[in-house]
Amino acid sequence: MADAAEVARRYQAAAARRRWILKAPALLTILLASFGPLAVMLVYSVMEKGNYGGVAFGQFSLDGWTAVFFKYDPFDETTSLVVANLTVFLRSIKLALVTTIAALLVGFPTAYFIATRPAESRSQWLLLITIPFWTNLLVRTFAIMGLLSNQGLVNNALIWSGVIDKPLQMLFTDGAVLAGLVYVYLPLMVLPVYASLERMDFRLVEAGYDLYATRWKVLRHIVIPSCKPGLIAGSILVFIPAIGAYVTPRILGGGKNMMMGNLIELQFGQGRNWPLGAALSITLLAIVTVALVVYIRNTAGKGGAHGH
Amino acid sequence: MATKPQAFDPKSQPGFGFVAGATIVALYLPIIVLVAFAFNATSSLGIWGGLSLNWFIKAWNNQQIVDAAIFSLWLALVAGALATMMATLAALAMTRTAPYRGQTLAYALINQPLIVPEIVTAISLLIVFSAVKATTGYSGAGYLVLAHTAFCIPFAYLPIRARLEGMDLTFETAAADLYANPWKTFLHITLPGMFPGILAGFMLAFVVSLDDVVITELVKSGGQETLPTFMLGQVRRDMTPEVNAAATLLLIPSILLVTAVHLINRRK
């Protein structure tokens, strides 16, 4: 019965072909305008830099990569650490970590409170958390800038209540960037933590109280361990965009309080060092990838995806 | 949150309700203040001088803002529609089939734009597009359409896939039993069934395109200002509530569409 096998094989081949044809437009677009350019950037990072931006093609060089951390001085022939770049790296990591911790401290109680509401009001609370997440990031950053500016609401309120007598300089500080990052990415913490709390078996909590546990002990030994995947997922979902932030530090941090995203952009603007910019981009991408691998390991098989 | 000692709720934790309430206030207060000052009579962004529509009228008469708004809408519609069509086709191919070779790879590729930091994508596009611009001389809106379509695809794909996976195969089998050809089955059964997902996908893609600033800022050529890139350009200037008025207009579609998606999802 070779014919039947042949028919089945042909049928399967046709189905596979149809699947690839259906997928082709989406995959090609992403290859062309997202994945492909990343590969090109990798090539750019190992080229000699051009005189007026761009790169000198065919001239292989690791200068872009060395320039991430080191600077060669042609006069006294020494190599020194580029403190400026290092500062930006450390600031980015520090700000992203503190943002994540702050989002955890605020996001967990919020998610827990929502998860313990009756079903109807739960969906309304979730909508309230979701709307800011989908509203324009730039607009939300502007909103924070408006609040923190010298003539802004916070300063006016403080002056009016007599706490201070002249405006505090709050904009263009690391604190302002931090406030902006937490504000912008908080929903990314609440949603996955909520998702894992929603699946929690609250009979365990009751059992804990039956065994004379205090509220803190119930939280510490029952609630937090059972929503740990959500907490880890939320932390990574906040950390990834926070460390790659560009708009928030640009607007709230001013020129001095740069993060990696701004340093990268600088190499393609005033810096005119495309290979360095490409190398910095890939470094940022590597950090994000490591965080992402942790995320996938953590959520794989647990259906830990959030919202929408 | 007054806890009566006799009514012990094992689910409640002290202070959590307060944090949740404060979170909602903190999320909305800055936006409400921003919108409020768009209606300010004076040019201050911090001192209330009375109610007025002046800044909206100013924004309406500002040709730069109007052009940017129109271009933003056009770009979001075109890129959103393209991304939704591509995502629909891809979802049809990638759901409700037995696992096959390359499935994981295709799935990873579809979601790839979600993972990479926007600034990195923007820079890599700048590198590639500037080379293409230099060789072809073309500097039209095609680059922005292509870039926006690419990063909108995963957003359009998510709700469409979710809808397809939740759909019952019985109707399609029944249609096939009643001698409907595959195309008729698709047109009369599958497509209407997945329509809420497609609509949600398009709305999210539209909003995501409308919101983008980083990629647009680095990819755009002259005369391709969107509302967000226009606003970003105003940051270092003397800001007036005119920008608030523009920002307020930008908020409306997001809030409307997200609420709509929420309602669609709840009804299914």
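Chain letters run A, B, ... following the sequence lines, proteins first, then strands; residues in each count from 1.
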Which atoms of B:Ala106 come close to chain A, meaning under 4.5 Å heavy atom to heavy atom: side chain ones, backbone ones, both, or neither?
-> both
Pair count under 4.5 Å, heavy atoms only, with chain B: among A:Leu127, A:Val288, A:Leu285, highest is A:Leu127
Given the options B:Val19, B:Val35, B:Val33, which has more heavy-atom pairs under 4.5 Å with chain A than any of the others?
-> B:Val19
Could you check which of A:Leu28, A:Ile251, A:Val106, A:Leu219 has the highest count of heavy-atom pairs closer than 4.5 Å to chain B?
-> A:Leu219
Quick one: what part of A:Val139 sits under 4.5 Å from any heavy atom of chain B, side chain, backbone, both or neither?
-> both
Contact part of A:Leu38 toward chain B, heavy-atom cut-off under 4.5 Å: side chain, backbone, both or neither?
-> both
Toward chain A, the part of B:Phe155 with a non-hydrogen atom under 4.5 Å | side chain
Heavy atoms of other groups near B:Lys133 NZ, more than 12 under 6.0 Å = yes
A:Tyr246 side chain reached by A:Ile264 side chain, heavy atoms, under 4.5 Å | no
Could you check which of B:Val128, B:Leu109, B:Leu82 has the highest count of heavy-atom pairs closer than 4.5 Å to chain A?
-> B:Leu109
By a 4.5 Å heavy-atom criterion (distance strictly below it), what part of B:Ile24 contacts chain A: side chain, backbone, both, or neither?
-> side chain
Donor on one side chain, acceptor on other, A:Ser34 and B:Gln112, under 3.5 Å | yes
Can you tell me if B:Ser124 uses its side chain to pair, donor with acceptor, with the backbone of A:Met41 under 3.5 Å?
-> no
Residue part contacting chain A, namely of B:Leu146, when any heavy atom lies under 4.5 Å | both
Please look at B:Ile215 and chain A and tell me whether the side chain, the backbone, both or neither of the residue comes under 4.5 angstrom of a heavy atom of that chain.
-> neither
Can you tell me if A:Ser92 uses its side chain to pair, donor with acceptor, with the backbone of A:Met260 under 3.5 Å?
-> yes
Measure A:Arg117 against the heavy atoms of chain B and call it side chain, backbone, both or neither at under 4.5 Å.
-> neither
Honestly, the part of A:Val40 sitting under 4.5 Å from a heavy atom of chain B is side chain
So, the part of A:Pro132 with a heavy atom under 4.5 Å from chain B: the answer is both
Considering only heavy atoms and a distance below 4.5 Å, find which of A:Glu206, A:Arg250, A:Arg18 pairs most often with chain B.
-> A:Arg250
Give me the ring orientation class for B:Phe16 and A:Phe108: parallel if the planes are under 30° apart, tilted from 30 to 60°, perpendicular past 60°.
-> perpendicular
Under 6.0 Å between ring centres, would you say that holds for A:Tyr194 and A:Trp125?
-> no
Select one option (side chain, backbone, both, neither) describing which atoms of B:Met231 are under 4.5 Å from chain A's heavy atoms.
-> both
From the list B:Val243, B:Thr259, B:Leu232, B:Leu257, the residue making the most non-hydrogen contacts under 4.5 Å with chain A is B:Leu232
Residue part contacting chain B, namely of A:Leu31, when any heavy atom lies under 4.5 Å | side chain
Which bit of B:Val116 comes within less than 4.5 Å of chain A, counting heavy atoms only: side chain, backbone, both or neither?
-> both
Part of A:Phe35 within contact of chain B (heavy atom distance under 4.5 Å) = both
Under 4.5 Å to a heavy atom of chain B? For A:Tyr44 that would be side chain
If you count heavy-atom pairs under 4.5 Å between each of A:Leu137, A:Leu27, A:Ile144, A:Ile21 and chain B, which one has the most?
-> A:Leu27
Considering all heavy atoms, the nearest A:Thr135-B:Asp211 contact = C-OD2, 3.6 Å
Under 4.5 Å heavy-atom distance to chain A, tell me which part of B:Thr88 shows up: side chain, backbone, both or neither.
-> neither
Quick one: of B:Ala87, B:Ala147, B:Ala247, B:Pro253, who has the most non-hydrogen atom pairs under 4.5 Å with chain A?
-> B:Ala247
Can you tell which part of A:Leu186 gets under 4.5 Å to a heavy atom of chain B, answering side chain, backbone, both or neither?
-> side chain
Which answer fits B:Val219, side chain, backbone, both or neither, if we ask what part of it has an atom under 4.5 Å from a heavy atom of chain A?
-> neither
With chain A, the option among B:Ile32, B:Val207, B:Leu125 that has the most non-hydrogen atom pairs under 4.5 Å is B:Leu125
Ion pair present between A:Asp201 and A:Arg203, side-chain N to carboxylate O less than 4.0 angstrom?
-> yes
Pairs of heavy atoms under 4.5 Å with chain B: top-ranked of A:Tyr183, A:Phe202, A:Trp20 = A:Tyr183
To the nearest 0.5 Å, how far apart are CG in A:Leu188 and CD1 in A:Ile236?
-> 12.5 Å
For chain B, find which of A:Gly152, A:Gly244, A:Ser123 contributes the most heavy-atom pairs closer than 4.5 angstrom.
-> A:Ser123
B:Ile31 versus chain A, heavy atoms under 4.5 Å apart: side chain, backbone, both or neither?
-> both
Do A:Thr29 and B:Thr149 get their side chains close enough for a donor-acceptor pair, meaning under 3.5 Å?
-> no
Heavy-atom distance under 4.5 Å to chain B: side chain of A:Tyr209, backbone, both or neither?
-> side chain
Looking only at B:Glu118, B:Met85, B:Met94, the option with the highest number of non-hydrogen pairs under 4.5 Å against chain A is B:Met94
Within the distance-only criterion (no hydrogens, no angle test), does the side chain of A:Arg140 pair as donor or acceptor with the backbone N or O of A:Val184 below 3.5 angstrom?
-> yes
Chain B heavy atoms under 4.5 Å from A:Met145: which part of the residue, side chain, backbone, both or neither?
-> side chain
Please answer whether the main-chain N or O of B:Pro196 pairs with a side-chain N or O of B:Arg163 as donor and acceptor at a distance below 3.5 Å.
-> no
Determine yes or no for a side-chain-to-main-chain donor-acceptor pair under 3.5 angstrom, with A:Tyr112 supplying the side chain and B:Lys11 the backbone.
-> yes
Flag, side chain of B:Asn40 to backbone of B:Pro241, donor-acceptor distance under 3.5 Å = no
Which bit of A:Leu128 comes within less than 4.5 Å of chain B, counting heavy atoms only: side chain, backbone, both or neither?
-> both
Polar side-chain atom of B:Asn244 near backbone of B:Leu34 as donor-acceptor pair, under 3.5 Å | yes
Side-chain contact, heavy-atom cut-off 4.5 Å: A:Asn262 with A:Leu266?
-> no
Contact class of A:Ile240 relative to chain B, heavy atoms under 4.5 angstrom | side chain
Classify the ring geometry between A:Trp274 and A:Phe268 as parallel (under 30°), tilted (30 to 60°) or perpendicular (over 60°).
-> tilted
Backbone of A:Arg215 reached by a side-chain donor or acceptor of A:Arg220 within 3.5 Å = no
Residues B:Val235 and A:Phe142: closest non-hydrogen pair is CG2-CZ, 3.6 Å
